[in-house]
K.L.:
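Dropping a structure here in structure tokens format, bear with me for questions.
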Amino acid sequence: MAKTKIPYFSVIVPVYGAEKFIRKCVDSILAQTFTDFELILVDDGSRDKCPAILDEYAAKDKRVKVIHKENGGAVSARKEGCRAAKGEYIANVDADDWLAVDYLEKFYMASQTGADMICCGSVWWNDDEDFTNYWMPYQEGLYEREDIEDCLFPDLIENDHNQTFMNVLWSKVFKRQMFVPLQEASDSAIKMSDDLVVVKPFMYKAQKIYIIDQYLYSYRYNPVSLTHSVKTYTWENPKLVGKALESLIPMEEFDFEAQLYRNIVHGVFNVALSRFYLDKPVKEIYAEIIEGISDSYYQNAISKVKFAFATKGWFAAFALKHKLLWIIRKFAQRRKGM
């Protein structure tokens with residue numbers, strides 16, 4: 001019996017409520033100039049026409065695999081995709097985004113260096129209008145372990161100017177054998193920064209990282225998405241993220257503890273900010289924030305964190321440390337456009 005050919009890339013796309021955008025996403029993947037890949041479309045219990053659309057693609061192209069599952073969120077969908085993946089590298093694509101036609105070809109060429117992770121720049125779009133290019137301030141090329149420690153670790157989690165190596169899973173590919181255990185270990189209860197708790201530990205473990213100085217990934221900036229909308233976040237989330245990073249990255253090395261405190265304070269500030277989007281009296285919101293930030297885990301980070309003076313992080317930490325809740329309220333009003 002002939003052996004089934006193993007694809008070079010496994011492209012995983014979690015799909016939920018993306019009926020408006022999914023065809024553009026899938027078409028951009030199937031049109032790649034590099035064709036040695038499998039496309040794993042994970043229907044996360046979508047209630048629109050997505051399940052039928054995905055099955056339609058699977059019937060037409062043998063590279064397409066469809067997994068239908070009950071709704072469990074993006075993390076659970078990626079885990080299902082990882083369990084089915086066979087490729088040497090895993091690429092993650094969001095269902096409302098799309099790829100340059102030579103995306104996988106450029107990543108394949110970079111992978112010949114033996115890189116564990118490869119990443120590129122992205123074009124950000126709003127209502128199909130290009131409005132910004134996002135690039136990381138690093139030179140193109142291969143970063144071996146010493147280079148990773150010297151050039152990338154200072155920004156791995158968050159430096160004192162609030163800068164960080166881009167946290168997202170998209171616009172990157174990862175060696176499957178290293179990636180899958182980290183994705184499986186990620187906590188599905190984490191609703192914000194779920195990419196971060198996979199990307200940063202992966203980078204810590206990587207021996208080689210390649211950066212492509214081209215904008216090959218198109219990201220649809222959706223103001224009503226979970227990341228960008230004025231939704232409320234849970235007090236539990238920053239702690240879940242912090243403890244996940246602590247369990248996977250030795251904090252005593254490379255000043256990571258200081259970086260972790262910044263990430264925790266950043267997360268706590270965003271939770272506090274989001275409470276002002278609730279339809280509650282301001283006094284009740286103030287009382288809830290005081291209770292939330294009194295958690296000993298958060299108080300430890302707030303008391304020890306250090307940001308460069310007058311940065312956003314510095315103002316956030318100052319407001320939390322001194323319980324200046326009116327400052328947080330002002331930030332919330334600005335974000336809501338009030």
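Worth saying up front: this structure is predicted, and the values here are computed from it rather than measured.
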K.L.:
Is there side-chain contact between F256 and Y204, with at least one heavy-atom pair below 4.5 Å?
P.N.:
yes
K.L.:
Return all side-chain donor-acceptor pairs below 3.5 angstrom for residues 313-330, not counting sequence neighbours, or 'none' if the list is empty.
P.N.:
none

K.L.:
Output the distance between atom CG (L104) and atom CD1 (I29), rounded to the nearest 0.5 Å.
P.N.:
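L104 atom CG to I29 atom CD1 measures 8.0 Å (nearest 0.5 Å).
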K.L.:
Check this for me, if you would: do K191 and E236 make a salt bridge, where the nitrogen-to-carboxylate-oxygen distance has to be below 4.0 angstrom?
P.N.:
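Salt bridge between K191 and E236, a charged N being under 4.0 Å from a carboxylate O: no.
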K.L.:
Salt-bridged, R23 to D27, with N to O below 4.0 Å?
P.N.:
no
K.L.:
Once the angle between the rings of F9 and Y89 is folded into 0 to 90°, is it parallel (under 30°), tilted (30 to 60°) or perpendicular (over 60°)?
P.N.:
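Geometry flag for Y89 against F9: tilted rings.
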K.L.:
Just to verify, which of W125, W124, Y217 counts as forming a side-chain hydrogen bond (donor to acceptor under 3.5 Å, both in side chains) with D97?
P.N.:
Y217
K.L.:
Given the rule in the salt bridge (Lys or Arg N to Asp or Glu O under 4.0 Å) test, do D116 and K175 qualify, once you have shown the distances and angles that lead to the verdict?
P.N.:
CA-CA 5 Å; D116 298 314; K175 276 193 175 175; 3.7 Å; yes
K.L.:
Checking Q183 against S186 for the side chain to side chain donor-acceptor pair (under 3.5 Å) test, could you report, in this order, the C-alpha distance in whole Å, the side-chain angles of both residues, the deciding distance, and whether it holds?
P.N.:
CA-CA 5 Å; Q183 183 65 81; S186 62; 3.0 Å; yes
K.L.:
Quick test of your reading: applying side-chain hydrogen bond (donor to acceptor under 3.5 Å, both in side chains), list the pairs with at least one residue in residues 7-19, sequence neighbours left out, ordered by first then second residue.
P.N.:
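Qualifying pairs: Y8-S111, Y8-Q112, S10-E38.
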K.L.:
Report the residues that fulfil side chain to side chain contact (heavy atoms under 4.5 Å, CB included) with D160, sequence neighbours left out, ordered by chain and then residue number.
P.N.:
R262, A308
K.L.:
How long is the span from the NZ atom in K60 to the CG atom in D55, to the nearest 0.5 Å?
P.N.:
12.0 Å
K.L.:
Which pair of non-hydrogen atoms, one from M117 and one from F202, has the smallest distance, and what is that distance?
P.N.:
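The answer is CB-CE2, 3.6 Å.
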K.L.:
Below 4.0 angstrom, N of the basic side chain to O of the carboxylate: do D195 and K172 qualify?
P.N.:
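Salt bridge between D195 and K172, a charged N being under 4.0 Å from a carboxylate O: no.
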K.L.:
What residues form a ring-ring contact (aromatic ring centres under 6.0 Å, His included) with F307, not counting sequence neighbours?
P.N.:
none
K.L.:
Can you sort out the partners of S28 under side chain to side chain contact (heavy atoms under 4.5 Å, CB included), two or more places apart, ordered by chain and number?
P.N.:
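Partners of S28 under the side chain to side chain contact (heavy atoms under 4.5 Å, CB included) test: W98, L99.
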K.L.:
Do S294 and E291 have side-chain atoms, one donor and one acceptor, less than 3.5 Å apart?
P.N.:
no
K.L.:
So, applying side-chain hydrogen bond (donor to acceptor under 3.5 Å, both in side chains) with T164, which one of Q259, E158, K200 is it?
P.N.:
K200
K.L.:
Among all residues two or more places apart in sequence or in another chain, which pass the side chain to side chain contact (heavy atoms under 4.5 Å, CB included) test with D150?
P.N.:
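Once residues adjacent in sequence are excluded, the partners of D150 under the side chain to side chain contact (heavy atoms under 4.5 Å, CB included) criterion are E146.
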K.L.:
Please give me the minimum heavy-atom distance between D44 and G73, naming the atom from each residue.
P.N.:
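Minimum heavy-atom separation between D44 and G73: OD2-N, 2.9 Å.
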